[in-house]
There are 2 protein chains.
Amino acid sequence: MKTKQNTLYVGSLAKGLRLLRAFDESHSELSLSELAARTGLDKSATQRLANTLHIEGMLDKDPGTRRFRPSHAWLEMAYAYYWSDPLVGQAMPKLINLSQDLGETVNLAEMSGDHIIYVSRLPCKRTYFAATVIGRRLPALSTSAGRAMLATVPEDERRAAVETWPIKPFTPNTTLDRDAIRASVEAAVHDGYAISKGQMILNEMAVATPIIGPEGRAFAAVQCSVSGHTWDRERIVAEILPRLQDAANSISPSFQSQRGA
Amino acid sequence: MKTKQNTLYVGSLAKGLRLLRAFDESHSELSLSELAARTGLDKSATQRLANTLHIEGMLDKDPGTRRFRPSHAWLEMAYAYYWSDPLVGQAMPKLINLSQDLGETVNLAEMSGDHIIYVSRLPCKRTYFAATVIGRRLPALSTSAGRAMLATVPEDERRAAVETWPIKPFTPNTTLDRDAIRASVEAAVHDGYAISKGQMILNEMAVATPIIGPEGRAFAAVQCSVSGHTWDRERIVAEILPRLQDAANSISPSFQSQRGA
DNA sequence: GCTGCAGGTATTATATTATGATACCTAGTG
DNA sequence: CACTAGGTATCATAATATAATACCTGCAGC
């Protein structure tokens with residue numbers, strides 16, 4: 001193992017985590033050999049690590065197919081996360097009120113490197129599955145929430161982000177032109193909110209307002225998703241935005257603790 | 001390490017997982033020494049393992065306080081879980097409809113050993129925080145969902161569960177008398193649903209109907225929580241139950257894959 | 001019904017890797 | 001200012017993870 005030659009680094013643990021990360025949206029259950037292939041570990045290592053994870057209750061194993069799946073422990077981890085994130089506790093009641101008030105889907109997103117991650121979702125209308133579950137990470141530049149947050153950081157940093165952060169097409173309409181993205185972000189600087197259309201799924205519209213943190217900088221945003229068939233920009237600004245902003249502002253208290261190293 | 005003397009068991013990985021499990025509801029951020037104390041590992045081991053988890057992005061570290069916290073990766077794990085659980089995809093749209101229809105909080109619970117775990121929650125009214133986040137595990141015998149599910153298993157198994165599964169007081173009204181619990185479960189056998197009152201929090205009421213699986217046995221339930229101040233048993237049966245049952249029945253298709261070893 | 005193969009399971013000798021004792025820093029307290 | 005608690009770094013040691021290999025099992029094709 002030529003990786004991290006550090007006596008404070010436990011390779012076996014890191015490899016075990018690689019097994020966990022092998023599961024995602026399109027790999028929801030994996031056999032031993034698939035795990036080995038996806039992690040790049042050899043058969044023996046995979047066997048030992050997967051077995052350990054199974055014994056420890058992190059992976060379920062179908063006795064018939066011998067395939068591994070994430071266990072309920074993965075949900076318990078989300079539960080523990082929630083208690084550790086001071087924002088969620090503050091925001092939850094206001095988000096519930098907001099979603100009931102609007103009758104539309106309301107989300108809480110946080111900045112996570114150059115992505116955003118949905119921390120809480122309150123779906124009110126049926127949509128596609130991925131829009132209803134928490135923990136989804138999306139490129140910040142392609143989301144209204146990400147742009148609304150970016151709008152609160154200093155100009156140089158903002159520009160750098162628009163130039164370098166990753167983007168990739170989700171729909172034929174996903175904006176891949178960084179100039180267009182910059183325009184959208186700068187509009188958000190001016191307006192204090194961001195609206196996007198069809199970035200993640202066709203005909204979906206989203207509006208987001210930042211939750212301002214300690215130094216005027218946002219690490220989170222409240223976002224509302226609606227159907228582009230029944231809503232347009234004007235009506236969103238008139239009917240949704242005011243209440244969205246009220247909610248975001250009422251959450252804003254001091255969130256000193258920034259995450260990461 | 002006298003544990004699992006098995007060559008297919010990687011101790012370091014298991015120890016790393018112990019660190020992760022050290023975080024919970026009442027331990028949302030931990031220092032190195034607290035981690036060591038809670039896991040029973042010595043200082044050096046804790047240091048190395050925590051450091052590894054930090055490098056791998058599983059733990060955030062506050063640069064000021066040097067305390068560790070669950071990272072966003074913990075939410076991503078929930079996301080991966082959702083894709084692996086066939087029930088969630090089936091149930092979600094119906095649950096959304098149901099919650100909008102009722103205007104009350106709707107939950108999806110699954111059996112997890114002798115506990116239930118909330119897999120999806122759609123809060124409609126403000127309640128206490130723990131009732132709004134997924135991944136919470138509760139003793140099955142103390143919940144309407146658990147009792148509704150138990151009601152679908154063979155009699156001997158059911159009796160054994162009522163006798164032996166854990167219970168503990170959450171409120172002064174939590175039922176600790178196993179005879180009373182048996183009565184409640186047997187009522188659910190007869191009625192096809194379970195109603196509980198004040199088990200987890202004072203004056204909260206809950207009604208649950210099982211999602212019937214392959215051999216007539218339920219591994220999941222749809223549950224609705226309401227305030228005991230504004231609802232009573234009769235009104236729940238009259239107004240909530242029918243729609244709850246419709247929802248549960250419409251989900252029921254074949255869920256062959258049972259979890260665990 | 002037999003053969004071959006893919007995928008899962010079990011064993012073992014080897015040395016790489018995790019270990020934990022100890023020493024060193026740093027910041028906060030009395 | 002001295003003291004302490006808590007975090008960080010180092011290192012010799014052997015315990016532990018490793019990966020090669022052999023063994024099962026069940027399925028597909030003949």
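Chain naming here is simple, since letters A, B, ... match the order of the sequence lines and numbering starts at 1 in each.
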Without decimals, in angstroms, what is the distance between [X] [atom1] and [N] [atom2]?
X: B:Asn51; N: C:dT19; atom1: CG; atom2: P; result: 13 Å
X: B:Glu29; N: D:dG7; atom1: CD; atom2: P; result: 12 Å
X: A:Leu13; N: D:dT18; atom1: CG; atom2: C1'; result: 17 Å
X: A:Ile55; N: D:dA17; atom1: CD1; atom2: P; result: 12 Å
X: B:Leu49; N: C:dG20; atom1: CG; atom2: C1'; result: 12 Å
X: B:Arg48; N: C:dA21; atom1: CZ; atom2: P; result: 11 Å

Point to revise | Contact letters for nucleotides 7-13 of chain C, in which S counts primed atoms plus P, OP1 and OP2 and B counts the base, heavy atoms under 4.0 Å | key: SBBBBB-
Check your understanding: Would you say the side chain of B:Leu8 lies within less than 4.5 Å of the side chain of A:Gln47, judging by non-hydrogen atoms?
Key -> yes
Check your understanding: Do the side chains of A:Leu53 and B:Leu17 get nearer than 4.5 Å, heavy atoms only?
Key -> yes
Point to revise | Donor-acceptor pair between B:Tyr118 and B:Gln223 side chains, under 3.5 angstrom | key: yes
Point to revise | Aromatic ring pairing B:His54/B:Phe68, orientation class (parallel under 30°, perpendicular over 60°, tilted between) | key: perpendicular
Check your understanding: Can you tell me if the side-chain N/O atoms of A:Lys15 get under 4.0 Å from OP1 or OP2 in D:dA17?
Key -> no
Practice item. Test B:Phe23 against A:Trp83 for ring-ring contact (aromatic ring centres under 6.0 Å, His included), laying out the working first. Key: CA-CA 9 Å; B:Phe23 294 88; A:Trp83 289 93; over 10 Å; no
Check your understanding: Has the side chain of A:Ser252 got a donor or acceptor atom that lies under 3.5 Å from a matching backbone atom of A:Ala248?
Key -> yes
